[in-house]
Number of protein chains: 2
Amino acid sequence: MATVRDVAERAGVSIATVSFVLNGTKPVTAATRNRVESAMSELGYHRNVLARALAARRTRIIALAHPRLDNGFGSDFITSASRAARARGYHLVLWPVDNDSDEIGELIGQGLVDGVVLMEVLLEDARVEALLAAGTPFALIGRTADPAGLIHVDIDFDQSMSDALDHLQELGHQDITLITATQPLPEYGPKVRSEAAYRRLCAKRGLRPFLLECEPTVAAGRAIQLPPGTTAVILMNELAGFGLLSQLAGAGIDVPADLSILSFGSPALAPIAEPQLTIMRAPGAILGTLGVDALIDHLETPGPTPPPQLHPCTLEPGASTTLRR
Amino acid sequence: MATVRDVAERAGVSIATVSFVLNGTKPVTAATRNRVESAMSELGYHRNVLARALAARRTRIIALAHPRLDNGFGSDFITSASRAARARGYHLVLWPVDNDSDEIGELIGQGLVDGVVLMEVLLEDARVEALLAAGTPFALIGRTADPAGLIHVDIDFDQSMSDALDHLQELGHQDITLITATQPLPEYGPKVRSEAAYRRLCAKRGLRPFLLECEPTVAAGRAIQLPPGTTAVILMNELAGFGLLSQLAGAGIDVPADLSILSFGSPALAPIAEPQLTIMRAPGAILGTLGVDALIDHLETPGPTPPPQLHPCTLEPGASTTLRR
DNA sequence: CTGAAAGCGCTTACAG
DNA sequence: CTGAAAGCGCTTACAG
């Protein structure tokens, strides 16, 4: 592998000059620049990111801390996050850490990364404390209970719920039940915020709120007992949704003629349902890009905390919602 | 952040000695070791991985090169791969690269990683050539057309297909149709190998082979025309499977009474189907661990190419297969 | 605009 | 068993 020294020698300049053209950090005459650039391409020079990082005290590596990946928008998110990082000349390392301050503290101490993107943020999150204590810049995917002053991107649950209700109300529905999933951890942000948004919007719109929750399984969905009078359902429990569909089919209740279903879920599963589900699609890929960009922006031009980036889910019409009869 | 220098000073030794106890590379008396270790813990010392990497010419970072993640065992695989790396003291960086030799060549040139795990390997893969040319160690998840001499881990398609046929034959089936998915790229290893295994095993077992393929969509599944006489189906096309189930239900054909279905697929989707699908589950998490471990083993003790690690899918009984009537 | 030199925080021959 | 010193491949004040 060629080094700056090789390039400098071939171009007849000092290694400092090579560095200046490499980084554009100081003015260099066109002639010198050309000599350096041809030397680089002739030698197939690639700068060593490790040495650069050590000397510059900036690694241009960021971590994606993920307790687990099996949920929600996992794959989309990761693909877009790693692409976003690469697009800005950064590398993304994966840190499989639990919500544990020691574990992340140890990782931070290694000095490998300039910042951290935190997935699966809890309302109370020990990792956030560790990051704050270490002075390591970070961006949250999701939000703690009080995210003021923290860089974060998240689903806009208010807007999403509003859009969901709009869709159903435009179809004439007024008795709309919200079905969520029982969570292993009590304080799960998306659920808490969605329920709050639903309650608030119902009050504001003069709708009677019906909230239900069940385990995220097909079997639990089969056992759902909808409140009498319900003509539409907002689902935040994809698996139970399939159970519910099966239960309804068995009972001769037609979807959407008798009951409209709007499901917060993934486009992968929607076409499997019968009828194909109308979904509110989570902006996984968008959040990946926003989170990484927000962090890198902050790393490159530190300043006051940028405003949160909240992005709503997108309505993707299927065949499971229709006019109330 | 404390450095080796701080530790050395506090312990009253040289930085070399600190390094020796850090790495266990040279014998150190118990007394000295103790002094160094207490100094380290008192200072909350963490070794800087960048500096170590630069000095030792080994970064202990490996890359996971992934064209896209949306397919197959994506999330499971990545989670297990990143855990496996961490368990061995390595970091895993994500490289979102297409099957393009330039792109991966540029990334390798940066000197960030000791080796690469390659996902989504094609029968002819430009990235493999680039890696070979650069002399960068790598492990394949999947296989090229001729993987001899390359470290690789993959699904054992022969064994998996054999297990699938065993299951169905034990239930009395002899007319077994294999349904695969049309691929965007012509030479897709899993499909090619599965079909070959199916053909070979049918011949060996005196079964008549029926092969079908269709687009990986629910709609395509609805349009499948099974060969007359088929009593069981092996599906390697999950989405089409749902379409097929729907088609059969509409035609009054009972699964599994009239037709058994064994699907190579994910445990996430199996319970959604009605009846719940009997599946051959891809060993995504296992391959993640095996791939990373194989690469790191080779990095730490170079030697002849270790034998390929082939791991079969696991039969997970559902309610979609039963005795032939 | 360009260069000589120090330094980032480690590891590793080489000596003793 | 321990230490002094060189060096990994860069960046960045500091001078000129």
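The model shown is predicted, which means the values in this text are computed figures rather than measured ones. Throughout, protein chains are lettered first and strands after them, A, B, ... in sequence-line order, and every chain is numbered starting at 1.
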Of B/K26 and B/A53, the one whose nearest nucleotide on DNA chain C sits closer to the 5' end is B/A53
- request: Could you check whether B/V18 gets within reach of a base, just the sugar-phosphate, or nothing at all, counting any heavy atom under 4.0 Å?
  value: nothing
Nearest-nucleotide check on DNA chain D, B/I15 vs B/A51; residue mapping nearer the 5' end is B/I15
Between B/F20 and B/A56, whichever has its closest DNA chain D nucleotide further toward 5' is B/F20
* Please state whether the phosphate of D/dT2, meaning OP1 or OP2, lies under 4.0 angstrom from any side-chain nitrogen or oxygen of B/T17. => no
From CZ of B/R5 across to P of D/dG3 the rounded distance in Å is 14 Å
Against the side chain of A/R52, the closest entry in D/dT11, D/dG9, D/dT12 is D/dT11
For C/dT11, does either OP1 or OP2 sit under 4.0 Å from a side-chain N or O belonging to B/S19?
yes
Of the candidates C/dT12, C/dC10, C/dC8, the side chain of B/A16 sits closest to C/dT12
Here the distance between atom P of C/dT2 and atom CG of A/L22, to the nearest Å, is 15 Å
query = Under a 4.5 Å cut-off applied to non-hydrogen side-chain atoms, are B/V93 and B/L64 in contact?
reply = no
Hey, is B/D125 close enough to B/R143 for a salt bridge, meaning N to O under 4.0 Å?
no
Taken to the nearest whole Å, CZ/A/R60 to P/D/dC10 is 14 Å
- Side-chain contact, heavy-atom cut-off 4.5 Å: B/R127 with B/P67? yes
task = Decide whether B/Q309 and B/H152 meet the rule of one side-chain donor and one side-chain acceptor closer than 3.5 Å.
result = no
Looking only at D/dC8, D/dC10, C/dT12, the nucleotide nearest the B/R57 side chain is D/dC8
Between NE2 of B/H46 and C1' of C/dC8 the distance, given in whole Å, is 19 Å
When rounded to whole Å, the CG to P distance for the pair A/L54 and C/dG7 reads 14 Å
In whole angstroms, the gap separating P of D/dC1 from CZ of B/R35 amounts to 15 Å
| said: Would you say B/T32 places a side-chain N or O within less than 4.0 Å of OP1 or OP2 belonging to D/dT2? | reply: yes
Open item on the list: Students often get this wrong, so: under 4.0 angstrom with heavy atoms, is A/V49 touching a base, only sugar-phosphate, or nothing?
Closed with: nothing
Taking a pair to mean Watson-Crick or G-U wobble geometry with both distances below 3.5 Å, D/dC14 pairs with C/dG3
N/O (side chain, A/R47) to phosphate O (OP1/OP2, D/dT11) under 4.0 Å: yes
From the candidates D/dC1, D/dA13, D/dT11, the one with an atom nearest any side-chain atom of A/A55 is D/dT11
A/M40 atom CE is separated from D/dC10 atom P, nearest whole Å, by 11 Å
**Asked** Do B/R60 and B/D114 meet the salt-bridge criterion of a basic N to acidic O distance under 4.0 Å?
**Response** no
>> Is the phosphate of C/dC8 approached by B/N48 (side-chain N or O, under 4.0 Å from OP1 or OP2)?
In response: no
Quick one: is C/dT11 close enough that its OP1 or OP2 comes under 4.0 Å of any side-chain N or O from B/T25? no
Next on the checklist: Tell me whether the side-chain N/O atoms of A/T3 come closer than 4.0 Å to OP1 or OP2 in D/dG9.
Outcome noted: no
Heavy-atom nearest pair, B/A130 first then B/I108, reads O-CD1, 4.4 Å
Between CD of B/E9 and C1' of D/dG3 the distance, given in whole Å, is 15 Å
